Every structure is written in C-alpha cells, then in structure tokens.
Amino acid sequence: MALLSILQYPDPKLHTLARPVAAVDARIRSLIQDMLETMYDANGIGLAATQVNVHERLVVIDVSEERNEPLVLINPDIVWASEERVVNDEGCLSVPGIYDGVERSTQVKVSALDGEGVVRTIEAEGLLAVCIQHEMDHLKGKVFVEYLSPLKRNRIKSKMLKTRRALGKSDEA
C-alpha cells in the first residue's frame, strides 16, 4: 500500500470527468487499498479517485467512529434522492481547512459495484448520504466550493493559491 498525493483546489485536474471503471481487477483493488490508506492518513471520511489524479469512477468512504467500516463504490449511480434537503457544513481533503454550508438530499439510494465487483444497492441517510453525494460530485469534476457564492469561491481560491506559494509549490500541481 502507498499514500497517494491529493490534488488541491484549484487544480484544474479536479474538474476532469471520471470514466467508468472497466474491470474490478488487481489494479483497481490495489488503488482501493491505496485510497483507503490515503483517506485514513489525511483524517478524511471520503475520497474520490479524481482527487488522487485517477479519473475513474471510484469512491472510498468510512464515516464510522472507529474508522473500520470502509465502503467502496465503483461506477456509482444515485438511483433515488429524497426531495427533503438539508444544509450541512462540508469540508474536503482537496480544500483543506475550508468548511461551508452545502445543501444536499437527506437520503439517497445508490447502485454501485463493491471492491469485489458485486453490484450493491446502498440506502444512506445523514452523514453517509452527504458524503456519497459529495464524493460523487468529484467524479463529475465538481468541488464543493462550486456550490458557494462567486465571492466565497474566489476568496477560497486566493487563499489556497497563497498557501501553495508560501509552501513553495506551483499554482498548479
């Protein structure tokens, strides 16, 4: 297993549309393990392959208190979302230190392959539902800050670029 580099907003690669995973093979299983290790190391609750510069429809999530209940979603599709919506503060491993309110459905039903390539249907509510929607946005090339006002988004972008420069990194990864 290996820790992967997480792309930082406003890296344009975060806006890449992910393609379907063709086969759940040894390469994908290895990527799943690396993504889980990376997510846990970064104290995250979800990570999309897009965030580690792999543009395939793969998400890992673990919202458990003990951090021992990983959920793998390969080629996920939301088949139902509740009309009831709620605003929650969200953060993102690609936008470290930034949290803001995003409105999402309170419940979702998702169809996806698991890490063994078996089709699963997951019914989620609360934090898990929010996390699934957030991570699936990444697969569509969307970062949560895009739900915010242009003013907030530009302030966040400026802050992220300033932090990158202070760390001696280029403006793009």
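Computed from a predicted model, the values in this text were never measured in an experiment.
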Compare all side-chain heavy atoms of I156 with those of L148 and state whether any distance is below 4.5 angstrom. yes

Does any non-hydrogen side-chain atom of T121 lie less than 4.5 Å from one of K109? yes

Got a sec, which residues hit side chain to side chain donor-acceptor pair (under 3.5 Å) with R120, two or more places apart in sequence or on another chain? D114

What residues form a salt bridge (charged side-chain N to carboxylate O under 4.0 Å, His left out) with D77, not counting sequence neighbours? R57

Residues K152, V145; criterion side-chain contact (heavy atoms from CB on, under 4.5 Å); working and verdict: CA-CA 8 Å; K152 280 187 179 181; V145 297; over 6 Å; no

Are L14 and L139 connected into the same hydrophobic cluster when the rule is that any two of I, L, V, M, F, W, Y join if their side-chain heavy atoms are below 4.5 Å apart? no

So do H134 and C92 actually touch side chain to side chain, heavy atoms under 4.5 Å? yes

Quick one about S94 and Q51 (side-chain donor to acceptor, distance below 3.5 Å, no hydrogens or angles considered), yes or no? yes

Between D100 and Y147, do the side chains contain a donor N or O and an acceptor N or O under 3.5 Å apart? no

Going through the distances and angles, do E90 and Q133 end up as a side-chain contact (heavy atoms from CB on, under 4.5 Å)? CA-CA 11 Å; E90 290 188 23; Q133 293 169 84; over 6 Å; no

Same cluster (ILVMFWY, side-chain, under 4.5 Å), I122 and V130: no

So which residues get pulled into L3's cluster when ILVMFWY side chains under 4.5 Å apart are joined, directly or through others? none

What's the spacing between K140 NZ and D137 CG if we round to 0.5 Å? 5.5 Å

For R67 versus N43, what's the shortest heavy-atom pair and its separation? NH2-C, 4.4 Å

Starting at CZ of R153, measure out to CZ of F144 and round the result to the nearest 0.5 Å. 11.5 Å

Can you list, by chain and residue number, the hydrophobic cluster partners of L93 when the side-chain cut-off is 4.5 Å? L4, I6, V21, V24, I28, L31, I32, M35, L36, M39, Y40, L47, V52, V54, L58, V60, V72, I74, L113, V119

Apply side chain to side chain donor-acceptor pair (under 3.5 Å) to D25 and list each qualifying residue two or more places apart in sequence or on a separate chain. none

Residue set satisfying salt bridge (charged side-chain N to carboxylate O under 4.0 Å, His left out) with K142, at least two apart, ordered chain then number -> none

Starting from Y99, walk the hydrophobic network (Ile, Leu, Val, Met, Phe, Trp, Tyr; side-chain heavy atoms closer than 4.5 Å) and list everyone else you reach, by chain and number. none

Distance from I132 atom CD1 to E125 atom CD, nearest 0.5 Å? 11.0 Å

Could you walk me through whether V102 and R104 pass side-chain contact (heavy atoms from CB on, under 4.5 Å), step by step? CA-CA 6 Å; V102 177; R104 301 213 187 252; 3.8 Å; yes

May I ask you to decide if P150's main-chain N or O and N154's side chain share a donor-acceptor pair within less than 3.5 Å? yes

Once side chain to side chain donor-acceptor pair (under 3.5 Å) is applied, do any residues pair with E103, and if so which ones, sequence neighbours excluded? R85

Closest non-hydrogen atom pair, K157 against P10: CG-CG, 3.7 Å

In chain order, what residues pass the salt bridge (charged side-chain N to carboxylate O under 4.0 Å, His left out) check against D62, with sequence neighbours excluded? none

Interatomic distance, OH@Y9 vs CZ@R164, rounded to 0.5 Å, equals 13.0 Å

Got a second to check how far C131's SG is from N88's CG, nearest 0.5 Å? 11.5 Å

Not counting sequence neighbours, which residues clear side chain to side chain donor-acceptor pair (under 3.5 Å) with E123? List them please. none

Salt bridge (Lys or Arg N to Asp or Glu O under 4.0 Å) pairs touching residues 28-51, sequence neighbours excluded, are R29-E116

Do M136 and V79 belong to the same hydrophobic cluster, where Ile, Leu, Val, Met, Phe, Trp and Tyr are linked whenever their side-chain heavy atoms lie under 4.5 Å apart, directly or via other members? no

Co-membership, hydrophobic cluster, residues V59 and V108, 4.5 Å side-chain: yes

For H15 and G141, indicate whether the former's side chain and the latter's backbone hold a donor-acceptor pair under 3.5 Å. yes

For N68, check side chain to side chain contact (heavy atoms under 4.5 Å, CB included) against everything at least two apart and list the hits. S64, E66

To the nearest 0.5 angstrom, please state how far the CD1 atom of I98 sits from the CE atom of M160. 7.0 Å

For the residue pair A112 and P76, what are the closest heavy atoms and their distance? CB-CA, 3.7 Å

Counting N and O atoms only, with roles assigned by atom type, does the side chain of T16 sit under 3.5 Å from a partner on the main chain of K13, one being a donor and the other an acceptor? yes

Side-chain donor/acceptor of S82 to backbone N/O of T106, under 3.5 Å: yes

Please walk me through it: do T50 and L17 pass side-chain contact (heavy atoms from CB on, under 4.5 Å)? CA-CA 8 Å; T50 301; L17 186 64; over 6 Å; no

Taking the side chain as everything from C-beta on, heavy atoms only, tell me whether W80 gets closer than 4.5 Å to Q107. yes

